[in-house]
Amino acid sequence: MSGEYTYYGSGFFGFGEPGAFKAYGAMHLIPLLICTGLILLVCFKREWFRTWRHEETFRYFLSFSMFLMEFSYFIWLLYAGDTSGQYLMMSKLPLHLCDIGIISCMYMVISRNQTLFGFNFFVTLFGASLACIIPQTVLNDVNPCYFRYYQYFGEHLIPIFATVYMMIVHDMRPRYKDIWYSILGIGMMVIPALKLNEAFPGSDYLFLKLDTALFPENQYVRACIYALLLALIFHAMWILWVKLPSEKKFQTGRTLHNQK
């Protein structure tokens, strides 16, 4: 896996010209509006979804669609690689927040596991939402004429929808201790990320080698800073959730998960 691959850059599965993606235009906002519309639909029809006889099948469909988005990305990499043609497959392992988030979300929607839900509430909602707000950092050279455009938004928006769906339809709620479970889960990714970043050119797992003047270049120091920032962000999300006036709208007569 350490050798170079042959890359193909033309056609639907290839790349466009640099700057093909226009941030905050129609190609950016339409996927976000579709996801928002589906979430509103679930919100207004939550009682129907709860009693729908195919509801479990629907959750399996969500899980499979997330698997398809993640798996197709690596198949696409084998075909197209990236615009530089220099990346190796060992620099593209699923060791980013969004990768771990979508994998855990695949199991969460099927198992309805509370700990996995808490992890996705903090990690997936934050990481995937951030990726959808600033997709131009990755989607510089693709637009709706290319496969990567659909895969990227599917990979990030489906887990967001699935997490909110479980919150609305299945009354799943984040717990304070889920903050620390989430940080612990990310912390377990740091050691392999550090080693892979050092071993393979082009690797930037957990963005520990991101080219920015905001953080020191030393990966170990940067990892500590990231951990602190994530703890602050997750606490801010928790405070916003606790203070959210509309939470009572999602309450039912059932026992809530966070009371367990």
Side-chain angles (χ1 to χ4, degrees), residues 1 3-39 61-106 120 123-164 196 200-207 209-212:
M1 296 296 291
E4 292 189 4
Y5 289 79
T6 300
Y7 297 91
Y8 303 87
S10 60
F12 179 71
F13 293 100
F15 300 92
E17 296 295 327
F21 182 80
K22 305 299 181 183
Y24 313 113
M27 69 176 68
H28 182 184
L29 298 180
I30 287 176
L32 307 188
L33 291 174
I34 291 174
C35 182
T36 302
L38 291 174
I39 289 174
F61 169 77
L62 283 177
S63 179
F64 177 74
S65 65
M66 287 185 278
F67 167 78
L68 190 62
M69 290 297 102
E70 185 72 357
F71 183 71
S72 66
Y73 172 65
F74 295 100
I75 299 299
W76 173 77
L77 279 175
L78 288 172
Y79 177 83
D82 69 13
T83 50
S84 71
Q86 297 299 316
Y87 280 13
L88 309 177
M89 290 302 293
M90 285 301 291
S91 71
K92 294 293 188 178
L93 299 177
L95 200 60
H96 288 291
L97 292 186
C98 292
D99 292 316
I100 299 301
I102 195 172
I103 292 171
S104 66
C105 201
M106 282 170 14
N120 280 282
V123 175
T124 300
L125 289 187
F126 167 68
S129 296
L130 183 62
C132 290
I133 292 171
I134 51 173
Q136 65 271 23
T137 58
V138 176
L139 297 184
N140 175 58
D141 46 15
V142 298
N143 57 34
C145 296
Y146 297 93
F147 166 79
R148 173 60 168 153
Y149 169 87
Y150 300 98
Q151 186 278 327
Y152 181 89
F153 281 108
E155 179 184 28
H156 295 92
L157 290 175
I158 296 175
I160 291 175
F161 171 82
T163 302
V164 178
L196 287 167
F200 296 98
S203 299
D204 188 14
Y205 292 110
L206 298 181
F207 302 106
K209 294 173 65 178
L210 184 66
D211 185 15
T212 175

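All values derive from a computational prediction rather than experimental measurement.
Taken to the nearest 0.5 Å, the OG atom of S63 stands 11.0 Å off from the CG atom of L68. Rounded to the nearest 0.5 Å, atoms OH (Y146) and CZ (F13) are 13.0 Å apart. For the atom pair CG (L77) and CD (Q151), the distance works out to 8.5 Å, reported to the nearest 0.5 Å. Here S65 contributes atom OG and M106 contributes atom CE; the two are 9.5 Å apart, rounded to the nearest 0.5 Å. The distance from atom CG of L130 to atom SG of C98, rounded to the nearest 0.5 Å, is 8.0 Å. Note: I100 CD1 to I103 CD1 = 5.0 Å, rounded to the nearest 0.5 Å.
Under the side-chain hydrogen bond (donor to acceptor under 3.5 Å, both in side chains) criterion, T124 pairs with N120, not counting sequence neighbours. For the side-chain contact (heavy atoms from CB on, under 4.5 Å) test, residues two or more places apart in sequence or in another chain that qualify with P135 are F21, H28, L139, Y152, F153. Taking E70 as the reference, nothing meets the side-chain hydrogen bond (donor to acceptor under 3.5 Å, both in side chains) condition, with sequence neighbours excluded.
Note: F207 and H96 have tilted aromatic rings, judged against thresholds of 30 and 60 degrees for the angle between ring planes.
The backbone N or O of P18 sits nowhere less than 3.5 Å from a side-chain atom of N140 that would complete a donor-acceptor pair. Using modelled atom types, no side-chain atom of S129 and backbone atom of F126 make a donor-acceptor pair closer than 3.5 Å. Looking only at distances, no side-chain donor or acceptor of Y24 sits under 3.5 Å from a matching main-chain atom of L29.
Minimum interatomic distance between C105 and A162 (heavy atoms only, all atoms of both residues): SG-CB, 3.8 Å. Of all non-hydrogen atoms in D99 and L93, the two that sit nearest each other are OD2-O, 4.0 Å. Pairing each heavy atom of F147 with each of S72, the nearest pair is CZ-OG, 3.6 Å. Nearest approach of A20 to D141, heavy atoms of both residues: CB-C, 3.9 Å. The shortest non-hydrogen separation linking C35 to F161 is SG-CB, 4.3 Å. For the residue pair K22 and G19, the shortest heavy atom distance occurs at NZ-O, 3.1 Å.
For F61, the CZ atom sits in a loose shell: 12 or fewer heavy atoms of surrounding residues, nucleotides or ligands are nearer than 6.0 Å. Other residues, nucleotides and ligands place more than 12 heavy atoms under 6.0 Å from the OH atom of Y150.
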Please test V138 against R148 for side chain to side chain contact (heavy atoms under 4.5 Å, CB included), starting from the C-alpha separation and ending with a verdict. CA-CA 10 Å; V138 176; R148 173 60 168 153; 3.3 Å; yes
Run the numbers on W76 and F15 for ring pair (Phe, Tyr, Trp, His ring centres under 6.0 Å), then give the verdict. CA-CA 11 Å; W76 173 77; F15 300 92; 5.5 Å; yes
